Asks: 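Below you'll find the structure I mean.
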Amino acid sequence: MTSRTYLWGVGLASALALASFLALIWFFSPENSSGIILILLALSLFLSLCGFFSLLGFYIRRRKQRDKSAIYFLGISFREGALLGLLFVGFLAMKFFQVFYWWTALIFLIIVVAIETAFLYGERN
């Protein structure tokens, strides 16, 4: 699989996840829906954000460092896209459960940054 095929697949999957997220919002009310609808809503939002941030991170890295191979950036971009998607979905979940305060958001942000730092430290060794 080439990097171009991978990027098109990620873009298509992200667009489909966004379409499913919008369809869930359109057909179901999140305030009065069951738990399975909320899980599907969060999952589709996570997948669409993960794909969007992965593609955005890949293209920014690719523009800044043209001398490196495109394959080098795919793993980094996907990891950071997944962490950013998890961060936003986590913030929405905290808001839904009414525990979204500045200190809980800061703790969650510190945990996500610590995970990314652990990955970066592991890459250097």
Side-chain angles (χ1 to χ4, degrees):
M1 176 186 296
T2 65
S3 62
R4 182 177 293 259
T5 307
Y6 174 79
L7 293 173
W8 273 103
V10 168
L12 181 64
S14 179
L16 287 174
L18 182 62
S20 68
F21 174 75
L22 294 174
L24 284 168
I25 291 290
W26 182 264
F27 291 115
F28 299 102
S29 173
E31 295 93 14
N32 302 328
S33 61
S34 65
I36 190 73
I37 299 298
L38 293 175
I39 290 171
L40 288 174
L41 190 71
L43 183 64
S44 63
L45 179 64
F46 170 74
L47 290 175
S48 64
L49 287 175
C50 180
F52 173 74
F53 287 133
S54 295
L55 291 175
L56 183 68
F58 176 79
Y59 287 119
I60 289 172
R61 280 183 183 79
R62 188 75 177 138
R63 280 189 170 265
K64 288 176 77 174
Q65 299 176 352
R66 293 185 184 266
D67 57 334
K68 292 188 179 178
S69 172
I71 302 297
Y72 174 75
F73 300 122
L74 290 177
I76 297 169
S77 298
F78 181 73
R79 181 187 71 228
E80 289 182 355
L83 286 173
L84 281 171
L86 179 69
L87 184 72
F88 285 126
V89 171
F91 284 164
L92 284 177
M94 286 192 292
K95 182 73 173 166
F96 179 76
F97 291 115
Q98 297 175 349
V99 293
F100 186 77
Y101 302 107
W102 70 268
W103 61 85
T104 57
L106 183 64
I107 290 170
F108 190 62
L109 178 65
I110 289 170
I111 291 170
V112 170
V113 169
I115 292 170
E116 176 63 23
T117 304
F119 276 113
L120 289 175
Y121 182 72
E123 284 179 359
R124 292 190 190 264
N125 292 334

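Source: prediction; values computed, not measured.
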Asks: What is the minimum heavy-atom distance between Arg61 and Ser77, and which atoms define it?
Replies: NH1-OG, 3.6 Å

Asks: In this structure, would Leu24 and Trp26 fall into the same cluster of hydrophobic residues linked by side-chain contacts under 4.5 Å?
Replies: yes

Asks: Should Ile115 and Arg79 count as side-chain neighbours, where that means a heavy-atom distance under 4.5 Å?
Replies: no

Asks: With a 4.5 Å cut-off on side-chain heavy atoms, are Leu49 and Leu84 touching?
Replies: no

Asks: Check Phe46 against Ala82 and note the closest heavy-atom contact, atom names and distance.
Replies: CE1-O, 3.3 Å

Asks: With the side chain counted from C-beta on, respond yes when Tyr6 and Val10 share a heavy-atom pair under 4.5 Å apart, and no when they do not.
Replies: yes

Asks: Is it true that a side-chain atom of Ser48 and a backbone atom of Ser14 form a donor plus acceptor pair closer than 3.5 Å?
Replies: no

Asks: Looking only at non-hydrogen atoms, find the nearest pair between Pro30 and Ile25 and report the distance.
Replies: CG-CD1, 4.0 Å

Asks: Donor-acceptor check, side chain of Ser44 to backbone of Leu41, threshold 3.5 angstrom: yes or no?
Replies: yes

Asks: Is there a donor-acceptor pair closer than 3.5 Å between any side-chain N or O of Arg62 and the backbone N or O of Phe58?
Replies: no

Asks: Just verifying a value: how many Å separate Phe108 CZ and Leu86 CG, rounded to the nearest 0.5 Å?
Replies: 4.5 Å

Asks: Which value, rounded to the nearest 0.5 Å, describes the distance between Leu106 atom CG and Ile111 atom CD1?
Replies: 10.0 Å

Asks: Tell me the closest heavy-atom pair linking Phe96 and Leu38, and the distance in Å.
Replies: CZ-CD1, 3.5 Å

Asks: Between Phe28 and Leu22, is there a shared hydrophobic cluster once you connect ILVMFWY residues whose side-chain heavy atoms come closer than 4.5 Å?
Replies: yes

Asks: If hydrophobic clusters are built by linking Ile, Leu, Val, Met, Phe, Trp and Tyr wherever their side-chain heavy atoms come under 4.5 Å apart, do Ile36 and Val89 end up in the same one?
Replies: yes

Asks: Could you tell me the separation between the CG atom of Leu87 and the CZ atom of Phe53, rounded to the nearest 0.5 Å?
Replies: 9.0 Å

Asks: Quick check: is Phe78 connected to Val113 through a chain of hydrophobic side chains (ILVMFWY, heavy atoms under 4.5 Å apart)?
Replies: no

Asks: Is the CD atom of Glu123 crowded by more than 12 outside heavy atoms at less than 6.0 Å?
Replies: yes

Asks: Indicate if Leu16 and Leu45 have the same hydrophobic cluster label, given that clusters are the connected sets of ILVMFWY residues with side-chain heavy-atom separations under 4.5 angstrom.
Replies: no

Asks: Atom OH in Tyr121, atom CD in Glu116: separation rounded to 0.5 Å?
Replies: 15.5 Å

Asks: Look at the aromatic rings of Phe88 and Phe91 and report parallel, tilted or perpendicular, splitting at 30° and 60°.
Replies: perpendicular

